[in-house]
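Just so you know, ligand 1 is whichever comes first in the structure, and atom 1 is the first atom listed for that ligand.
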Amino acid sequence: MTRKNVLVFRDLPDDQLARLRAAHEVTVADPRTLPDVFNAALPTTHGLIGASHPVDAALLDAAPRLEVISSISVGVDNYPLAELNARGIVLCHTPGVLTETVADTVFVLLMATQRRVVELANLVRDGQWKSSVGEDLFGYDVHGKTLGILGFGRIGQAVARRAALGFGMPVLYHSRRAVDLATQAPELQGRATHAPLDALLAQSDIVLAMLPLSDATRGMIDAKFFARMKPGAAFINVGRGATVDEAALLAALDQGSLRAAGLDVFAKEPLPLDSPLRTHPRVTPLPHIGSATHETRHAMAALATTNLLQALAGEQPTAAYDTAAG
Ligand code: 8YV
């Protein structure tokens, strides 16, 4: 088989780099640290593999031989889908292998937000644990509370299983279409209910946004959205930051209608130092760690490598994204 040119633009584990090197010529260049090497490699690159780097038409113009981009992510918002489709460039991603880990992260934030874990741990660290905690530091229960989930794909359903089966939480979900639970998630039958957005927001004690970023979802979580939430509810976002109007989120927190927010994603990442969300006392911020465990990041890298090798060999990749569907 002809050896092609692969450009790796984010760290890949050694075993996956070795798989690529066995079949192709490999250049490793992160555009953040080695922009010159990255740019110099583009004109001869057939396959790109990496994550967290926005790809635009100018980059594609500089890479006229490009056949495939293999993203080490499930989200594809960094890629110009219509451009890729028009140019016949295959886009691959990593669905499935991160589902349970991201659902765990949702629960990390959900528990931390309800029980004020970070705030109370800091109190102990700061030497401020001087008497048994009083009402001013009490949290709120998780078990039995109503969880509203926006976006009910694989990850939303994995969260719903934890919530409904583990914590006895009634689950409401909102998605374009009701999911056929009988065939897709029988264990959630009678436990998760498809609801109109208004009803979900009015009834949920905790609202989870698990939305991909697209033209339809950008800025969708706005002042009107927060105003429709149950007073005193909490908001968790482990989807994409830009689905939220962050000024509206801050206003809802400061007016007191929103009790707390747990955020793994932000409109701009890394979160700018001057963002009020960074230090807000009722925000638990995480540095986009949804899938960031040793096991899962390795599984994502392995699937992305398999996808790339398959596409460069002219085979159907295990997980190609349908760029025509947008
Ligand atoms: C990754 C993610 O953090 O898969 C995604 O879409 O947001 C995360 O799992 C990120 O893309 C870096 O690999």
Side-chain angles (χ1 to χ4, degrees), residues 7-17 20 28-33 38 47-56 59 68-81 84 91-109 149-159 208-218 221 236-244 246 262-271 285-308 317-323 325-326:
L7 177 54
V8 179
F9 62 96
R10 212 39 126 242
D11 279 350
L12 258 192
D14 288 346
D15 60 340
Q16 302 308 313
L17 262 184
L20 292 177
V28 180
D30 186 326
R32 294 171 305 182
T33 50
F38 178 82
L48 272 171
I49 179 167
S52 313
H53 183 65
V55 169
D56 58 12
L59 188 151
V68 52
I69 302 178
S70 183
S71 187
I72 313 169
S73 67
V74 66
V76 293
D77 43 289
N78 271 330
Y79 305 97
L81 303 179
L84 292 175
L91 177 64
C92 304
H93 66 148
T94 62
V97 292
L98 44 59
T99 303
E100 299 299 330
T101 298
V102 178
D104 286 350
T105 305
V106 169
F107 256 81
V108 166
L109 273 177
I149 305 180
L150 303 179
F152 207 58
R154 294 181 191 82
I155 299 171
Q157 291 175 33
V159 171
L208 165 66
M210 207 60 255
L211 298 167
L213 182 61
S214 67
D215 289 344
T217 61
R218 188 179 297 277
I221 300 174
I236 311 286
N237 190 8
V238 185
R240 283 293 183 263
T243 61
V244 175
E246 291 182 343
L263 308 171
D264 186 44
V265 289
F266 299 88
K268 190 166 181 343
E269 296 177 4
L271 185 61
L286 290 179
H288 198 146
I289 56 157
S291 63
T293 65
H294 290 287
E295 300 90 334
T296 291
R297 282 293 170 84
H298 189 272
M300 291 165 71
L303 175 53
T305 301
T306 299
N307 284 333
L308 187 78
T318 302
Y321 187 86
D322 181 5
T323 51

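Using a 4.0 Å cut-off between heavy atoms, Arg240 contacts ligand 1 through its side chain alone, with no backbone atom that close. If you look at Leu98 next to ligand 1, the close heavy atoms, those under 4.0 Å, all belong to the side chain. Contacts with ligand 1 closer than 4.0 Å are made by heavy atoms of both the backbone and the side chain of Ser73.
For atom 8 (C) of ligand 1, the nearest non-hydrogen atom of the protein is Ser291 OG, 3.4 Å. Atom 4 (O) of ligand 1 has as its closest protein heavy atom Val74 N, 2.7 Å.
Interface of Gly75 with ligand 1, defined as ligand atoms under 4.0 Å from a residue heavy atom, comprises 4 (O), 5 (C), 6 (O). The ligand atoms of ligand 1 that sit less than 4.0 angstrom from a heavy atom of Ser52 are 12 (C). Counting the atoms of ligand 1 from 1 in the order shown, those under 4.0 Å from a heavy atom of Met300 are 4 (O), 9 (O).
The shortest side-chain heavy-atom distance between Leu12 and Ile72 falls under the 4.5 Å cut-off.
Between His288 and ligand 1, at least one pair of N/O atoms sits closer than 3.5 Å. Distances between N or O atoms of Thr94 and those of ligand 1 include no value under 3.5 Å. For ligand 1, the polar-atom distance check against Ile72 finds a nitrogen or oxygen pair separated by under 3.5 Å. Looking at ligand 1, you won't find any N or O of Ala51 less than 3.5 Å from one of its N or O atoms.
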Might you work through the side-chain contact (heavy atoms from CB on, under 4.5 Å) test for Thr243 and Leu150, ending with a clear yes or no? CA-CA 11 Å; Thr243 61; Leu150 303 179; over 6 Å; no
After noting the C-alpha distance and the side-chain angles of Leu211 and Arg240, does the key distance pass the side-chain contact (heavy atoms from CB on, under 4.5 Å) rule? CA-CA 6 Å; Leu211 298 167; Arg240 283 293 183 263; over 6 Å; no
Can you check side-chain contact (heavy atoms from CB on, under 4.5 Å) on Ile49 and Leu20, steps first, answer last? CA-CA 10 Å; Ile49 179 167; Leu20 292 177; 4.2 Å; yes
I would like to know whether Phe38 and His53 meet ring-ring contact (aromatic ring centres under 6.0 Å, His included); could you show each step before the answer? CA-CA 12 Å; Phe38 178 82; His53 183 65; 5.6 Å; yes
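Proximity of Arg297 to ligand 1 is established by a heavy-atom distance of less than 4.0 Å. Assignment of Gly290 to the shell around ligand 1 is not supported, since no heavy atom sits closer than 4.0 Å. Remark: distances from the non-hydrogen atoms of Arg10 to ligand 1 are all 4.0 Å or more.
Here the options are Asp264, Val265, Val238, the test is side chain to side chain contact (heavy atoms under 4.5 Å, CB included), and the partner is Leu286; only Asp264 passes.
The main-chain N or O of Ser73 is found under 3.5 Å from a side-chain atom of Thr94 such that the two form a donor-acceptor pair.
Around atom CG of Asp30, more than 12 heavy atoms belonging to other residues, nucleotides or ligands sit under 6.0 Å away. Enclosure of atom CZ in Arg154 is not indicated, since only 12 or fewer non-hydrogen atoms of other residues, nucleotides or ligands lie within 6.0 angstrom. Shown here is Asp14, whose CG atom has no more than 12 heavy atoms of other residues, nucleotides or ligands within 6.0 Å.
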